[in-house]
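Residue numbering restarts at 1 for every chain, and letters A, B, ... go by the order of the sequence lines.
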Amino acid sequence: MTTVRPNSDPNVRMPAEYFQRNRAVHPPGYTPIYKTSVTRSPQKALLSLEQSLSEMTGPVFNHNDLGPLDHDMILNYAKNGEPIGERIIVHGRVLDESGKGVPHTLVEAWQANAGGRYRHEKDTYLAPIDPNFGGCGRCLTDENGSYFFRTIKPGPYPWRNYVNSWRPAHIHLSIFGPSFSQRLITQMYFEGDPLIEICPIVNTVPDKDAIGRLVAPLDLNATVPLDSRAYKFDIVLRGRRSTLFENRLEGN
Amino acid sequence: MIQKLDYLTETASQTAGPYVHIGLAPGYAGFDIFENNFGNVVAGPNTKGERIKVEGRVFDGTGTPIRDVLLESWQANSEGKYNHPEDTQQKPLDDDFRGWGRMASDFETGVYTLETIKPGAVPGRNGSVQAPHISLWIVSRGINIGLQTRIYFSDEADANAADPVLNLIEQEERRKTLIAKRTERDGEVVYQFDIYVQGENETVFFDV
């Protein structure tokens with residue numbers, strides 16, 4: 001995926017750009033239904049930038065960055081027992097828009113406990129902290145882009161948007177990909193939750209199909225019998241141009 | 001029926017929310033869980049280059065600091081090479097420098113700090129040269145999709161004047177929003193870089 005550009009140092013190969021981000025499937029900055037966005041959204045147009053090395057490269061992570069239990073939220077904060085709640089596995093693949101798996105990329109997750117309470121000094125919801133649950137995990141995808149976490153299904157919780165707003169159960173996910181221009185944070189929801197369709201944060205996404213792709217189905221095939229249910233959640237990062245017509249094919 | 005293009009569509013962004021620290025910087029959420037934590041100290045003991053701090057605040061449209069913001073930085077080493085397999089420049093890699101940092105603002109003051117080294121100039125498109133800069137990605141509660149911008153340096157006036165990205169900004173006045181001011185404090189080099197998410201002094205953000 002490299003192109004030799006004319007008029008530049010022949011030793012410097014310019015990597016191929018990532019596809020233009022399709023902003024129509026992302027929430028715009030200003031979404032009055034989600035009130036906090038009103039003063040935290042740029043009003044001026046974003047400046048479109050053709051990508052340079054600065055955008056087409058990004059941090060590389062490896063197994064030395066992670067500990068052996070980092071992906072297991074049932075065990076990674078267990079102090080005097082295991083956390084309370086529904087045991088689940090969240091698994092899927094990180095793909096790019098061309099359908100290729102994104103290997104060895106960092107996926108980070110965080111969530112509330114089974115009662116809907118976050119282990120965070122700013123969360124004052126009256127549901128109790130679970131002494132055995134931290135609520136964060138991370139892993140690297142394998143060579144095919146597959147990842148999995150083991151955790152407890154998070155509970156819904158109230159928040160101050162409208163007086164009576166409740167977030168659907170969700171897991172926050174942060175994904176890197178090989179370039180800093182692919183950096184993405186999203187939220188995964190659970191099939192069948194009636195709070196999804198009335199959530200102002202979900203509804204910042206302007207495209208109904210794009211909302212559907214944020215909802216993980218129950219995956220009975222990946223369930224561990226008598227132990228944990230599984231939910232499958234694939235994540236798609238920006239794809240990348242092929243360099244047809246600009247490159248010798250053997251270098252593509 | 002014509003053939004169908006079989007591209008997938010990027011997953012929609014959702015806000016990082018108020019508790020982003022749990023997942024990305026658990027120390028800020030008030031607990032200790034991982035052995036290795038990612039943080040705001042990017043330069044190690046053996047990293048080559050001029051040691052610098054970058055600090056500032058991120059303001060909302062009312063001029064109030066966003067105190068639950070999280071930023072990530074990405075930069076080249078002091079020679080202007082990125083620690084990434086696709087940077088094929090004939091320049092030395094620095095073994096003690098990944099080039100990536102993660103900063104959470106202080107919950108009281110809203111101040112973030114990055115401890116790093118000043119990057120070298122890096123190639124731009126079509127044989128151009130870009131002035132030294134650090135790429136930034138900003139998320140928080142109320143930000144629906146991460147904001148991308150760059151930090152340039154006030155002591156690089158000539159390089160900045162020739163920078164292809166700064167020159168893309170039509171309104172010259174707005175180029176200043178990307179230039180961090182060099183100061184010295186207790187013998188340390190500290191660049192001041194405030195970010196205005198919205199309003200009159202709005203920082204230039206990129207669609208990259």
A.B. asks: So, taking the atom named CD1 in B:Ile145 and the one named OG in A:Ser41, what distance separates them when rounded to the nearest 0.5 Å?
C.D. replies: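 Reported to 0.5 Å precision, the distance equals 13.0 Å.
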
A.B. asks: Against chain B, label A:Leu173 side chain, backbone, both or neither, depending on which of its atoms sit under 4.5 Å from a heavy atom there.
C.D. replies: neither

A.B. asks: Could you tell me whether a side-chain N or O of B:Arg98 sits under 3.5 Å from a main-chain N or O of A:Val60, the two making a donor and an acceptor?
C.D. replies: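 Judged by distance alone, yes, a pair lies under 3.5 Å.
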
A.B. asks: Could you tell me which portion of A:Ser174 (side chain, backbone, both or neither) has an atom closer than 4.5 angstrom to a non-hydrogen atom of chain B?
C.D. replies: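 Only the side chain of A:Ser174 comes within 4.5 Å of chain B.
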
A.B. asks: Between A:Pro28 and chain B, which part of the residue has a heavy atom less than 4.5 Å away: side chain, backbone, both or neither?
C.D. replies: backbone

A.B. asks: Taking all heavy atoms of B:Arg141 and all of A:Arg40, pick out the closest pair and write down the distance.
C.D. replies: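 Closest heavy-atom pair between B:Arg141 and A:Arg40: O-NH1, 2.8 Å.
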
A.B. asks: Name the region of B:Pro85, side chain, backbone, both or neither, that has any atom closer than 4.5 Å to a heavy atom of chain A.
C.D. replies: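 Contact with chain A involves the side chain of B:Pro85 alone.
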
A.B. asks: Will you find, in the side chains of A:Glu97 and B:Thr9, an N or O donor that is under 3.5 Å from an N or O acceptor?
C.D. replies: no

A.B. asks: Quick one: ring-ring contact (aromatic ring centres under 6.0 Å, His included) pairs with a partner in residues 148-175 of chain B, sequence neighbours left out?
C.D. replies: B:His133-B:Tyr152, B:Phe153-B:Tyr191

A.B. asks: Between chain A and each of B:Phe38, B:Tyr19, B:Phe205, B:Tyr7, count heavy-atom pairs under 4.5 Å; write down the option with the most.
C.D. replies: B:Tyr19

A.B. asks: Keeping to residues at least two apart or across chains, list the side chain to side chain donor-acceptor pair (under 3.5 Å) pairs with something in residues 206-216 of chain A.
C.D. replies: none

A.B. asks: Checking heavy atoms, do the side chain of A:Thr204, its backbone, both or neither come under 4.5 Å from chain B?
C.D. replies: side chain

A.B. asks: Please tell me if the side chains of B:Gln148 and A:Leu49 come closer than 4.5 Å, counting only heavy atoms from C-beta onward.
C.D. replies: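 Not touching, per the 4.5 Å side-chain cut-off.
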
A.B. asks: If you check every heavy atom in residues 71-79 of chain A against those of chain B, which residues fall under 4.5 Å?
C.D. replies: A:Asn76, A:Tyr77

A.B. asks: If I compare all heavy atoms of B:Glu72 with all of A:Arg183, which pair ends up nearest, and what's the gap?
C.D. replies: OE1-NE, 2.6 Å

A.B. asks: State whether A:Glu17 and B:Arg125 are salt-bridged, where the test is any N-O pair (Lys NZ or Arg NE/NH1/NH2 against Asp/Glu carboxylate O) under 4.0 Å.
C.D. replies: yes

A.B. asks: Does A:Lys122 make a cation-pi contact with B:Phe107, if we ask for NZ or CZ under 6.0 Å from the ring centre and within 45° of the axis?
C.D. replies: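 Satisfied, under 6.0 Å and within 45°.
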
A.B. asks: Just so I know, are the side chains of B:Ser13 and A:Val25 near enough to count as touching, which here means a heavy-atom distance under 4.5 Å?
C.D. replies: no

A.B. asks: What distance do B:Glu86 atom CD and A:Ser179 atom OG have between them, rounded to the nearest 0.5 Å?
C.D. replies: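 Output value for this atom pair is 8.5 Å.
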
A.B. asks: For B:Leu136, is it the side chain, the backbone, both, or neither that has a heavy atom closer than 4.5 Å to a heavy atom of chain A?
C.D. replies: backbone

A.B. asks: Identify which of B:Val139, B:Asn37, B:Leu5, B:Asp68 forms the greatest number of heavy-atom pairs closer than 4.5 Å to chain A.
C.D. replies: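 Max contact count across the listed options: B:Asp68.
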
A.B. asks: Centroid-to-centroid, B:Trp100 to A:Phe61, below 6.0 Å?
C.D. replies: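 Ring centroids of B:Trp100 and A:Phe61 are less than 6.0 Å from each other.
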
A.B. asks: Please classify the contact between A:Tyr34 and chain B as side chain, backbone, both or neither, with a heavy-atom cut-off of under 4.5 Å.
C.D. replies: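 Side chain of A:Tyr34 only, per the 4.5 Å heavy-atom cut-off to chain B.
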
A.B. asks: Need one label for A:Leu106: side chain, backbone, both or neither, based on atoms under 4.5 Å from any heavy atom in chain B.
C.D. replies: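 Side chain only.
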
A.B. asks: What heavy-atom pair brings A:Val202 and B:Gln14 nearest, and what distance separates the two atoms?
C.D. replies: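 So the two residues come closest at CA-OE1, 3.7 Å.
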
A.B. asks: Examine whether an atom of A:Glu50 lies under 4.5 Å from a heavy atom of chain B, and if so say whether it belongs to the side chain, the backbone or both; otherwise answer neither.
C.D. replies: both

A.B. asks: Tell me, for B:Val58 versus chain A, whether the close heavy atoms (under 4.5 Å) come from the side chain, the backbone, both or neither.
C.D. replies: neither

A.B. asks: Will you find, in the side chains of A:His26 and B:Glu10, an N or O donor that is under 3.5 Å from an N or O acceptor?
C.D. replies: yes

A.B. asks: CD1/A:Ile185 to CG/B:Leu24 distance, rounded to the nearest 0.5 angstrom?
C.D. replies: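 A:Ile185 atom CD1 to B:Leu24 atom CG measures 5.0 Å (nearest 0.5 Å).
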
A.B. asks: What part of A:Ile235 is in contact with chain B, defined as an atom under 4.5 angstrom from a non-hydrogen atom: side chain, backbone, both or neither?
C.D. replies: both

A.B. asks: With a 4.5 Å limit on heavy-atom distance, are the side chains of A:Glu108 and B:Ile22 in contact?
C.D. replies: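 Answer no - side chains too far apart.
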
A.B. asks: Report yes if some heavy atom in the side chain of B:Arg174 is under 4.5 Å from a heavy atom in the side chain of A:Lys44; otherwise report no.
C.D. replies: yes

A.B. asks: With a 4.5 Å cut-off on heavy-atom pairs, point out which of A:Asp123, A:Ile175, A:Asn22 contacts chain B the most.
C.D. replies: A:Asp123

A.B. asks: Between B:Gln130 and A:Ser52, does the side chain to side chain donor-acceptor pair (under 3.5 Å) criterion hold? Intermediate values first, please.
C.D. replies: CA-CA 9 Å; B:Gln130 304 189 74; A:Ser52 71; 2.9 Å; yes

A.B. asks: What's the spacing between A:Leu53 CG and B:Asp87 CG if we round to 0.5 Å?
C.D. replies: 5.0 Å

A.B. asks: If you look at every heavy atom in A:Gln43 and B:Gly199, which pair is closest and at what distance?
C.D. replies: OE1-N, 3.9 Å

A.B. asks: Calculate, to the nearest 0.5 Å, the distance between atoms OG and CZ belonging to A:Ser54 and B:Phe206 respectively.
C.D. replies: 10.0 Å

A.B. asks: Pick one of side chain, backbone, both or neither for B:Gln171, based on which atoms fall under 4.5 Å of a heavy atom in chain A.
C.D. replies: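 Interface part for B:Gln171: neither.
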
A.B. asks: List the atom of A:Val236, the atom of B:Leu8, and the distance in Å for their closest heavy-atom pair.
C.D. replies: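 A:Val236 and B:Leu8 have their closest heavy atoms at CG1-CB, 3.9 Å.
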
A.B. asks: Please check if the side chain of A:Thr39 supplies one atom and the backbone of B:Gly61 the other of a donor-acceptor pair under 3.5 Å.
C.D. replies: no

A.B. asks: Could you report the tightest heavy-atom contact between A:Pro42 and B:Leu147, atom names first, then the distance?
C.D. replies: CG-CD2, 3.7 Å

A.B. asks: Report all side-chain donor-acceptor pairs from residues 28-36 of chain B shorter than 3.5 Å, counting only partners two or more places apart or in another chain.
C.D. replies:
{"residue": "B:Tyr28", "atom": "OH", "partner": "B:Ala104", "partner atom": "O", "Å": "3.4"}
{"residue": "B:Asn36", "atom": "ND2", "partner": "A:Asn64", "partner atom": "O", "Å": "2.9"}
{"residue": "B:Asn36", "atom": "ND2", "partner": "A:Asp65", "partner atom": "O", "Å": "3.4"}

A.B. asks: What's the spacing between B:Thr15 OG1 and A:His172 NE2 if we round to 0.5 Å?
C.D. replies: 8.0 Å

